[in-house]
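Right, one structure below, let's go through it.
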Amino acid sequence: MYELAITGGQPLQGTVRISGAKNAVLPVICAALLAKTPSVIEDVPDLADVRTICTLIEHLGAQADFCEGRLRIVPPRKLQTEAPYQWVRCMRASFLVLGPMLAREGKAKLSLPGGCAIGSRPIDLHLKGFHMLGADINYGYGTVEAKARKLAGNSIHLDFPSVGATENILMAAVLAKGNTTIENAAEEPEIVDLANYLNSMGACVRGAGTKVIRIQGVPELNGTTHRIIPDRIEAGTFLVAAACTGGEVLVSNVIAEHLKPVIAKLGESGVPVLEEKDGLRVYPTRLLKGVDVKTMPYPGFPTDMQPQLMAMLCTASGNSIITETVFENRFQHVSQFEKMGARIKLSGRSAIIEGDRPLHGALVKASDLRAGAALVLAGLAAQGETRVGRLNHIDRGYEHLEDKLKSLGARITRKIAAGEMPHHIIHPGIYIGQDRLKDQPEEGNYK
Ligand code: UD1
């Protein structure tokens, strides 16, 4: 219903502060359910996804109070063992409540997370892990039911280093009896953040951030205060936004180590990114060059930065090839870039991008969260006006995106899309704050 109207061609200038990481805070909120006492989570971004997961844990009996970046979670004495369909269907990360529910109550029933625009995204690795910890799994007709008298530690080898499966199994294993080893675990920084939070609650997790995580089960956990790591994907998005527009921007509140693969690709394209005391500074380049990139699990180039990098490469000099190895269907933004004048050929899991083609403004629509951000970047780089629709995707994962871009000099405004009527006129009361939907998330939008 809302859209972003962007007048491109303005180099971004100034400093932008990065928010806490969406993909770190969602599992941490679920992990708070494992404790007996309250936790306070700091630097929590105000995002639709955060509100959705808070609503879900409230339905499970917890209390979640969110105020100015601080989220206080009071876990219930006894968790509900069935998660309501309407919340699980709209965000894949909702499935992360299964591990804590099973660990605390010995049973859990959940709908399968909704379908997604970027691939089939099965949950077999999560379920295999729970089964190895001793749970009986019944799975079919759109729901999963897991039961275990008492989870028991085991050695689990993941066929693929799935981020969600590693987190879910880790959360189930911290209260299991005995020792668990997760091999071929995901190594993403968000896993390390989750392990740090669990350890500060009294868990015993070693090796997070490597391929082998060892967990010694403990009888109980207690709430604590935890600060969420900065969002490396939001930071990467701003680095690429600066590069796309030929601007100079200081991206603050970042962990440079987490951004190495993105900084390396920008360097290869001719964009200098230097580390300073307060963050990472992007400098304008004389010549933006095409590069080849393959998405990989961390520490490889993140799939969540693939659409944004593609936006930049559309305007680069020379051809580029992007190969997507993590999700099988993550090129839906290609048709939207083509509306803006890009020329991209898809061949299996690769996209061949023809360089030296200036972008022009167009009416485009976000197909998922990162695709939405990428269209905004393309709009900033394009000549003329671009209007990006389906902002619900962008609001799921970027805190105040247009305000932050405006502060860097971008000409960007949020408007009611032409011919649309505001929801609050049709259904009074479902909007909160800055026109964000509270109670009615869309189905299947979980990137
Ligand atoms: C998380 C991130 C998402 C990111 C992705 C990969 C969150 C909330 N989301 O998603 O932003 O794009 O990591 O970095 O943290 N797979 C299976 N079976 C499973 C689980 C996954 O085959 O049981 C496959 C998926 O289909 C996909 C690949 O593994 O092809 C990666 O998925 P996974 O790492 O699990 O991603 P998510 O945790 O869903």
Side-chain angles (χ1 to χ4, degrees), residues 20-31 45 47-50 52-53 56 88 90-99 110 112-132 137 139 144 146 156-172 182 184-194 211 228-229 231-234 236-237 258 261-262 294-309 323-331 349 368-374 393-394 396-398 444-447:
K22 169 183 93 77
N23 287 353
V25 77
L26 298 176
V28 161
I29 292 172
C30 297
L47 301 171
D49 274 10
V50 169
T52 302
I53 202 104
L56 173 61
V88 178
C90 63
M91 191 177 69
R92 183 173 167 92
S94 304
F95 202 66
L96 295 175
V97 293
L98 208 152
L110 240 76
L112 293 176
C116 178
I118 61 166
S120 62
R121 304 184 79 185
I123 44 146
D124 55 318
L125 300 173
H126 301 237
L127 301 184
K128 182 178 156 189
F130 296 138
H131 179 67
M132 297 290 285
I137 313 277
Y139 164 39
V144 178
I156 299 163
H157 185 277
L158 296 179
D159 299 337
F160 182 88
S162 153
V163 175
T166 303
E167 291 166 344
N168 230 341
I169 297 166
L170 173 57
M171 289 189 280
I182 309 175
N184 200 26
E187 298 170 77
E188 269 70 1
E190 293 75 19
I191 308 275
V192 179
D193 201 39
L194 174 63
K211 286 196 178 303
I228 293 295
I229 54 168
D231 195 314
R232 64 194 166 98
I233 305 301
E234 189 199 7
T237 303
H258 297 171
V262 177
K294 205 182 241 188
T295 64
M296 300 286 268
Y298 190 85
F301 188 88
T303 172
D304 284 357
M305 280 301 300
Q306 179 259 103
Q308 300 90 314
L309 192 79
T323 307
E324 173 58 62
T325 76
V326 179
F327 290 109
E328 74 275 18
N329 185 21
R330 200 172 195 177
F331 282 135
R349 287 197 157 201
D368 61 72
L369 166 56
R370 307 302 171 186
H393 291 293
I394 296 179
R396 292 187 43 237
Y398 287 91
N445 308 323
Y446 46 77
K447 274 303 306 118

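On a predicted model such as this, the values are computed, not experimentally measured, just so you know. Counting starts at 1 for both ligands and their atoms, following the listed order.
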- Relative to the heavy atoms of F160, which atoms of ligand 1 are at a distance of less than 4.0 Å? 28 (C), 29 (O), 31 (C)
- May I ask you to list the atoms of ligand 1 that are less than 4.0 angstrom from any heavy atom of I123? 19 (C), 23 (O)
- Message: If you compare all heavy atoms of P297 against all heavy atoms of P161, which two are closest, and at what distance to 0.1 Å?
- Response: CG-CG, 3.9 Å
- With a 4.0 Å cut-off on heavy atoms, is E190 touching ligand 1? no
- Message: Assess the residue pair D159 and K128 against the criterion (salt bridge (charged side-chain N to carboxylate O under 4.0 Å, His left out)); give the C-alpha distance rounded to whole Å, side-chain angles, the decisive distance to 0.1 Å, and a yes or no.
- Response: CA-CA 10 Å; D159 299 337; K128 182 178 156 189; 3.2 Å; yes
- Subset of ligand 1 atoms that lie under 4.0 Å from at least one heavy atom of H126: 23 (O)
- Message: Could you measure the distance from the CG atom of L125 to the CG atom of N184? Nearest 0.5 Å is fine.
- Response: 9.5 Å
- Item | Part of R92 with heavy atoms under 4.0 Å of ligand 1, whether side chain, backbone, both or neither | side chain
- Between T325 and R349, is any side-chain donor less than 3.5 angstrom from a side-chain acceptor? no
- Message: So is P122 touching ligand 1 or not, going by heavy atoms under 4.0 Å?
- Response: yes
- Message: I'd like to check which ligand 1 atoms, numbered from 1 as shown, lie under 4.0 Å from a non-hydrogen atom of G164.
- Response: 35 (O), 38 (O)
- Query: Would one find an N or O of T303, backbone or side chain, under 3.5 Å from an N or O of ligand 1?
  - Reply: no
- Note: D231 and G20 closest approach over all heavy atoms is CB-O, 3.8 Å
- Backbone or side-chain N or O of D304 under 3.5 Å from ligand 1 N or O: yes
- Quick one: NZ on K211 to OG1 on T166, what's the gap to the nearest 0.5 Å? 10.0 Å
- Note on the structure: Here the atoms of ligand 1 under 4.0 Å from any heavy atom belonging to N23 are 2 (C), 3 (C), 7 (C), 8 (C), 9 (N), 11 (O), 15 (O)
- Message: So if I count the atoms of ligand 1 from 1 in the order they appear, which ones are less than 4.0 Å from some heavy atom of V326?
- Response: 27 (C), 28 (C), 30 (O), 31 (C)
- Can you tell me if T237 and Q308 form a side-chain donor-acceptor pair at under 3.5 Å? yes
- Task: Between V163 and ligand 1, find which residue part has any heavy-atom pair under 4.0 Å and reply side chain, backbone, both or neither.
- Result: both
- Note on the structure: Here the pair of heavy atoms bringing P45 nearest to V50 is O-CG2, 3.5 Å
- Query: Just heavy atoms, cut-off under 4.0 Å: does S162 contact ligand 1 by side chain, backbone, both, or neither?
  - Reply: both
- Message: Is there a polar contact between ligand 1 and L125, counting only N or O atoms under 3.5 Å apart?
- Response: yes
- F301 and Q306: which non-hydrogen atoms are nearest, and at how many Å? CE2-N, 4.0 Å
